Enquirer: 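I have a structure I would like to understand better, so I am pasting it below and will then ask my questions one at a time.
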Amino acid sequence: MYLFDSQLSLDQIRNTMPVLQINGITKKYGRITAVNDLHLTINKGEIFGLLGPNGSGKTTTLGIVLGLIKANSGSYNWFDGSSNNNQNTKIGTILETPNFYPYMTAIENLELIAHIKKAGRENIEPTLELVDLIHRKNSRFHTYSLGMKQRLALAGALIGNPEFLILDEPTNGLDPQGISEVREIIQKIAHSGTTILMASHILDEVEKVCSHVAIIKKGKLLATGEVGSILSDQIQVELISDNNGKLLDLLDNRYEISGLNKSGEKIVFNIDANFSSGELNKLAFENGITISHLLTKKTSLEQEFLEITKNK
Amino acid sequence: MGHLIKLEWLKMKNYTAFRVLSFLFVLTFPLLLIAGKRIQAPQQAQTFIDSFYSFPTVFEILGYVGNWLAFFFLGFMALLSVTNDYTNKTLRQNMLTGLSRKEFILSKLYFVAAVCGFVTLYYILIGSVFGFFNTPKIYLSDFTDSLAIFGKFYLMCFGYCVFGLLIGLIIKKTGLALFIYLAYTMFIEPGIRWGFHSRVINNSTMHYYPLNAIEDLIPNPLKDKADAFQGNFEGMTIFLSSTEAILVATIYIALFIFLLFFVINKRDL
Ligand SMILES: Nc1ncnc2c1ncn2[C@@H]1O[C@H](COP(=O)(O)OP(=O)(O)OP(=O)(O)O)[C@@H](O)[C@H]1O
Ligand SMILES: [Mg+2]
């Protein structure tokens with residue numbers, strides 16, 4: 001390793017420092033298997049998205065690694081190999097709905113959290129400022145709107161500057177502006193080196209916020225890796241020419257093509273992201289093929305997500 | 001320990017039910033005694049009543065008043081402190097924040113232990129004030145002889161609280177838990193004791209039930225006198241002896257505390 005190659009060493013640090021390891025966890029509720037032999041590793045500095053449709057076992061998985069729910073089998077390890085409950089003092093969490101004492105003010109509720117975490121009170125007000133609740137800091141929790149409650153939950157998770165955040169649908173119930181604010185906050189926090197595990201059924205959110213992703217369905221892990229590699233940003237091409245077959249052959253030498261479909265004269269296929277339509281035109285011209293229709297668009301990740309979860 | 005008591009205090013200090021129950025307790029405790037003293041009675045009975053308010057009897061009378069109040073107010077308070085954390089899902093949130101299950105139960109136990117301490121001091125204070133103004137001649141021994149009843153009063157309060165915590169933890173829902181707390185103590189347990197146990201085995205084992213033992217720590221002083229007057233009840237008194245009550249109550253309280261930890265450790269939250 002070269003001393004000046006900071007990128008490499010940073011990557012190495014990332015790759016060699018697991019923060020949370022989940023080893024084959026299974027949880028059954030009667031006949032329903034909520035989590036099915038799940039293996040995951042989350043490394044330091046990652047923003048890890050747990051993506052899956054409703055009821056796929058995201059919340060259950062988070063509940064298990066937080067010690068709330070007892071798994072039927074499997075195990076999990078936190079940083080230093082311990083899995084006791086007090087680990088949670090070092091983790092900031094939003095799990096499902098925000099839970100606070102309704103008769104206490106925002107400040108009082110956060111003071112209680114700081115007390116449990118044995119953290120100082122000095123970052124309570126700045127945190128309320130960050131989530132834009134400072135003007136309501138002395139209102140009781142039960143007077144808050146849903147979006148305000150969700151913001152307070154995020155503030156609660158940030159008390160004590162945890163090294164690890166677990167966020168279950170953190171933008172649930174927020175208005176569009178709130179959603180983008182919360183995403184910004186999450187990214188800001190991630191930049192400071194905090195590791196984040198975030199559950200979501202909204203693909204767009206995972207794509208926008210996360211560096212890594214695991215896709216689960218019915219408690220089973222379908223795919224995991226960097227967001228770019230799993231939810232690859234392929235390009236969809238619609239093409240009509242006087243020799244579709246030959247053109248495809250030519251393209252196939254240079255690019256990876258998938259999902260080929262014909263509808264009448266028109267062919268539709270997916271191609272990797274470094275494809276350029278200029279090159280396609282050049283190829284066609286050089287080989288005497290006339291293109292009468294060419295349309296390229298990025299495949300919607302939504303579609304791809306649906307595909308991954310549908311087929312298995 | 002201070003950390004956990006403070007935690008519970010932060011939760012309770014703004015909780016309306018806690019404030020109301022504390023206020024009512026602080027108010028009714030001396031008021032009931034004052035009301036008793038205001039009863040207009042024939043001369044003969046009046047001296048009898050007056051004797052209640054002098055040392056050391058005042059502690060028995062006040063203790064018995066406290067017995068009822070502790071059953072209602074302290075037991076309710078303990079029970080509500082648990083169901084409050086269930087209905088608001090804040091128990092779950094506490095665990096997420098980093099409190100362990102064990103610490104959660106300990107914070108409840110330490111807090112009710114502290115509250116019972118204050119209640120006992122209050123009991124001693126009120127009793128002393130009443131005794132001071134109604135006892136012609138006061139001896140130090142009036143207090144030293146009463147130390148045992150102070151201890152029993154504390155154990156009784158703590159017993160109701162631990163029972164309230166347990167019912168709250170098992171039932172989780174406030175209304176139902178309150179109902180079961182009352183129904184068990186007032187109907188179910190006496191029903192089992194008098195309707196069933198005493199018919200099968202009619203001896204003093206029929207008194208070895210948890211809530212009865214806790215109640216008998218500070219028995220009704222009037223019944224005791226009536227008891228002595230009437231002679232024994234089918235060869236036995238209707239109360240546990242002081243030692244029996246302490247022993248049986250302590251065993252049940254220990255069992256309840258064990259169950260508190262056992263139940264919370266078994267649960268998904
Ligand atoms: N306490 C419970 N009792 C019975 N079944 C449960 C319980 N909790 C969860 N389940 C079931 O386990 C499965 C996974 O639920 P979970 O809440 O983990 O899903 P999720 O991925 O978080 O979904 P969502 O996106 O809707 O939040 C579901 O089928 C659910 O019905
Ligand atoms: Mg969920």
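Keep in mind that the numbers below use all heavy atoms, side chains included, and drop hydrogens, waters and symmetry copies. To find a chain, count down the sequence lines: A is the first, B the second, and so on, and within it residues start at 1. Predicted model, so just to flag it, every value in this text is computed and none were measured.
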Enquirer: For the residue pair A:R140 and B:N14, establish whether any side-chain heavy-atom pair is separated by less than 4.5 Å.
Expert: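 Counting from C-beta outward, A:R140 and B:N14 never come under 4.5 Å.
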Enquirer: Given the options B:L10, B:T90, B:N88, B:N94, which has more heavy-atom pairs under 4.5 Å with chain A than any of the others?
Expert: B:T90
Enquirer: Find the distance between CD (B:Q93) and CD1 (A:I94) and round it off to the nearest 0.5 Å.
Expert: 9.0 Å
Enquirer: Look up atom CG in B:L96 and atom CD1 in A:I166, then write down how far apart they are to the nearest 0.5 Å.
Expert: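 Rounded to the nearest 0.5 Å, the CG-CD1 separation comes to 8.5 Å.
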Enquirer: Roughly how far, to the nearest 0.5 Å, is CG of A:N99 from CZ of B:R92?
Expert: 7.0 Å
Enquirer: Whether the side chain of A:K70 engages the backbone of B:K266 through a donor-acceptor N/O pair (distance < 3.5 Å, no angle test) should be reported.
Expert: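 No, A:K70 side chain to B:K266 backbone: no donor-acceptor pair under 3.5 Å.
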Enquirer: If I compare all heavy atoms of A:N88 with all of B:M95, which pair ends up nearest, and what's the gap?
Expert: ND2-O, 2.9 Å
Enquirer: Please say whether more than 12 non-hydrogen atoms of neighbouring residues, nucleotides or ligands are located less than 6.0 Å from NE2 in A:H135.
Expert: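 Yes, because the 6.0 Å sphere around NE2 of A:H135 holds more than 12 heavy atoms from other groups.
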Enquirer: Please classify the contact between B:K13 and chain A as side chain, backbone, both or neither, with a heavy-atom cut-off of under 4.5 Å.
Expert: neither
Enquirer: Check whether A:K117 reaches the backbone of B:G98 with its side chain - one donor and one acceptor, N or O, closer than 3.5 Å.
Expert: no
Enquirer: Are the side chain of B:H3 and the backbone of A:I116 linked by a donor-acceptor contact shorter than 3.5 Å?
Expert: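 Such a contact is absent between B:H3 side chain and A:I116 backbone.
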Enquirer: Return yes when atom CZ of B:F118 has more than 12 non-hydrogen atoms of other residues, nucleotides or ligands closer than 6.0 Å, and no otherwise.
Expert: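 Counting other residues, nucleotides and ligands, CZ of B:F118 stays at 12 neighbours or fewer.
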Enquirer: Contact between B:D268 and A:K27 at the side-chain level, heavy atoms closer than 4.5 Å - yes or no?
Expert: yes
Enquirer: Below 4.5 Å from any heavy atom of chain A, which atoms of B:K11 appear? Answer side chain, backbone, both or neither.
Expert: both
Enquirer: What is the distance from atom CD of B:E8 to atom NE2 of A:H115, rounded to the nearest 0.5 Å?
Expert: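 Between B:E8 CD and A:H115 NE2, I get 10.0 Å after rounding to 0.5 Å.
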Enquirer: For the residue pair B:N84 / A:Y103, report whether a side-chain donor-acceptor contact shorter than 3.5 Å exists.
Expert: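 Short answer, yes.
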